[in-house]
Amino acid sequence: MSYNLIDEPWLQVQLLDAGIEQQSLCEVLVKAHHYQALVEASPAVLPALYRLLIAFLHRALEGPEDSEACAALIRQGKFPEKRIRSYAEKWHDRFDLFHPVQPFYQVPDSEDKVSSVSRLAAELASGTNKLLFDHTYEDKKLALKADEAAKLLIARQMMAIPEGAGYSPSPIGGTALVLAQGKNLFETLALNLVSYGFGGKDVYDDHPIWEQPIPKSRHIKENPSRSSKGLCDRYTWMSRIIKLHPPEDGYVKSLNYAAGLKHEAHSVDDKCDPMVAHRKDETLGILPVVFRKERGFWRDFDSMFTLTSIDKKFTYQPPKVLQHAKNVYAELGRKEPLEILVTGLSNDKAKVEFWRSERYFMPENLLKDSNYPPELQKMLNQSQETAKSLSAACNRLAEKLLSMGERSPDKGDVRRLAQSFPALSNYWSQLDVAFPELLEHFNSPEGVSPNLDHMRDFWLNTLKQALSEAWRLAISSSGSSAKALKAQAEAGKAFGKAVNDLKKQLSTHQA
């Protein structure tokens, strides 16, 4: 059976009029200006598909060399069809999913353990993975159509997380990936084509997986780690040794599966993926910014800018795709906010804990003026400080509720009772809704600077309202007995101090 991704309709795309159709890799790129976006439910698959298309474009276009060249491409309104089709024809045979000699993104001579195709999806149960929103067991006869198998294969290679001894994550496994979003799929892809000049010596050694020699299982196992040779090598990393078995009755049911290449970082460029924000810690070195459980990404939004943390302990390095898109917008003279998609999954070793996708609109003032990101950072820091005050008040309330005369309650019991109050979760959920509005405050008419006093007051008043509502819920959940009322009065002193601290910071016209 042959199933070539260049020709077969396997990618779902949204039309500009909101309809959905399925197209081949080549047609998606040639007609990208007719589509709104790729359509994929899984945040583990969507960024992997974008990375595949971006790597393909870098090689087909041999660039762009810089933001000016990318802006010129966007002004053309579409990708050059002749170059796309010529490159697709040149490497056509390497995109056949079931080719007997060189199957796409696989190791054809693998004789490793035979597993269910459930191994391809991080969100499904297989091997040492624990269940996440899923009740598919590895020994259950799962079957995938060719298009489904292709997408999960790509996602597994690019987004792999640790799976036990020897199974290393991919270069971006478990991170929060940032993608700039354009007016259509063509612009989105172009905005994420970070500078890729063919004048650099490293670029000549850089090849995506389909341009590399056919992978050999023995070679991978004898040399299980290396650094990436460039952007396209990194974007199409061979994280796992996989060989899909030919379809049975039209469905892929099994595969050979083993550990692939471990990515070694020998330089800052090796460590920093263009789609990931990083922070440089004086002690721990360069670390990727990841999604955190029960915490919206907006709380780490200062990682989208080159900033030093408030406590001076580390410095943020924003994603290169964001810097590139910012420069392209400047070249194009665009004033509207830049939309970004933050997507990916979070894991605890071999366990996928959750996945998430969040969208934000970054105002022009935040992108072009270095004076505003530090102001935003201060506001984010204030939300954390207010949360600490709320947590202290809840702990005080719990301590007083559990006190028995002169005897101090167990600290663990106090912590658990305090965490059972719905205060903090309510506080953060209110700010989840308010943060996009805060970003809008950084917008202003052309030639007019945003009013920082008004922005600060908006956020301080938002924090004060969220704090008060959260404390009201803590009070109501603590009961109405005489002991509870006494505990509320005592803990209310800490709450009152937090409110007064916010009031003091309000500018004069709001105080």
Side-chain angles (χ1 to χ4, degrees), residues 5-6 10-11 13 23-33 35-40 43-67 69-71 73-74 78-80 83-84 87-88 91 94-95 104-105 150-151 154-155 157-159 170-172 175-198 203 206-212 228-238 269 272-276 319-328 338-344:
L5 305 186
I6 297 292
W10 64 285
L11 289 168
V13 284
Q23 280 286 9
S24 68
L25 187 154
C26 193
E27 293 305 309
V28 163
L29 294 178
V30 168
K31 301 176 181 177
H33 53 293
Y35 302 128
Q36 186 63 47
L38 292 179
V39 177
E40 179 55 51
V45 175
L46 184 64
L49 298 181
Y50 273 111
R51 285 168 79 89
L52 176 78
L53 296 181
I54 289 168
F56 189 100
L57 285 168
H58 273 309
R59 302 300 290 177
L61 303 179
E62 298 186 350
E65 292 189 4
D66 51 33
S67 56
C70 189
L73 174 64
I74 290 179
K78 61 181 179 180
F79 293 120
R83 297 193 72 167
I84 298 295
Y87 182 78
W91 297 101
R94 292 297 300 270
F95 282 83
F104 173 74
Y105 221 159
K151 287 185 279 191
I154 294 165
Q157 295 284 25
M158 295 190 193
M159 307 286 287
S170 73
I172 54 167
T175 62
L177 293 161
V178 177
L179 284 157
Q181 303 289 286
K183 296 178 180 178
N184 52 41
L185 178 58
F186 158 69
E187 284 199 6
T188 292
L189 291 169
L191 286 172
N192 290 281
L193 288 171
V194 297
S195 299
Y196 189 73
F198 266 64
V203 174
D206 179 33
H207 300 283
I209 190 63
W210 54 85
E211 291 186 16
Q212 298 175 23
S228 54
K229 296 180 179 180
L231 195 59
C232 292
D233 183 25
R234 184 188 188 96
Y235 278 8
T236 59
W237 194 254
M238 180 68 77
D269 285 341
C272 296
D273 190 275
M275 294 184 182
V276 180
K320 289 182 180 178
V321 294
L322 183 56
Q323 294 175 312
H324 171 73
K326 166 187 169 181
N327 293 336
V328 172
L338 172 66
E339 181 183 356
I340 62 171
L341 171 68
V342 188
T343 185

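Quick caveat: nothing in here was measured; it's all calculated off a predicted structure. Along the sequence shown, the residues carry numbers beginning at 1.
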Decide side-chain contact (heavy atoms from CB on, under 4.5 Å) for Tyr105 and Met238; before the verdict, give the C-alpha distance in whole Å, the side-chain angles of both, and the deciding distance to 0.1 Å.
CA-CA 7 Å; Tyr105 221 159; Met238 180 68 77; 4.2 Å; yes
If you measure from [atom1] on [X] to [atom2] on [Y], what distance do you get to the nearest 0.5 Å?
X	Y	atom1	atom2	value
Glu27	Leu11	CD	CG	11.5 Å
His58	Leu231	NE2	CG	4.5 Å
Leu29	Phe186	CG	CZ	11.0 Å

Report yes if the side chains of [X] and [Y] come closer than 4.5 Å at any heavy-atom pair, otherwise no.
X	Y	answer
Leu191	Gln181	no
Thr188	Leu179	no
Leu73	Pro64	no
Pro47	Met275	no
Leu338	Leu322	yes
Thr236	Trp210	yes
Leu52	Met158	yes
Phe79	His33	no

For Leu341 and Leu177: C-alpha separation, side-chain torsions, deciding distance, then whether side-chain contact (heavy atoms from CB on, under 4.5 Å) applies.
CA-CA 8 Å; Leu341 171 68; Leu177 293 161; over 6 Å; no
Minimal non-hydrogen separation, [X] against [Y], with atom names:
X	Y	answer
Leu61	Arg83	O-NH2, 3.4 Å
Ser67	His324	CA-CE1, 4.1 Å
Ser195	Asp66	OG-CA, 3.3 Å
Ala48	Ala155	CB-CA, 3.7 Å

[X] (side chain) donor-acceptor with [Y] (main chain) under 3.5 angstrom:
X	Y	result
Asp206	Cys232	yes
Trp10	Leu5	yes
Gln23	Val13	no
Arg94	Gln212	yes
Gln36	Lys183	yes

By ring-ring contact (aromatic ring centres under 6.0 Å, His included), Phe56 pairs with (sequence neighbours left out) Tyr87, Phe95
Member of Glu62, Arg59, Glu65 meeting the side-chain hydrogen bond (donor to acceptor under 3.5 Å, both in side chains) criterion with Tyr196
Arg59
Which residue is it: Leu185, Ile84, Leu189? I am looking for the one with a side chain to side chain contact (heavy atoms under 4.5 Å, CB included) to Val28.
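Filter result, single survivor: Leu185.
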List the steps and the verdict of side-chain contact (heavy atoms from CB on, under 4.5 Å) for Tyr50 and Asn192.
CA-CA 9 Å; Tyr50 273 111; Asn192 290 281; 6.0 Å; no
side-chain contact (heavy atoms from CB on, under 4.5 Å) between Val321 and Ile340, intermediate numbers included
CA-CA 10 Å; Val321 294; Ile340 62 171; over 6 Å; no
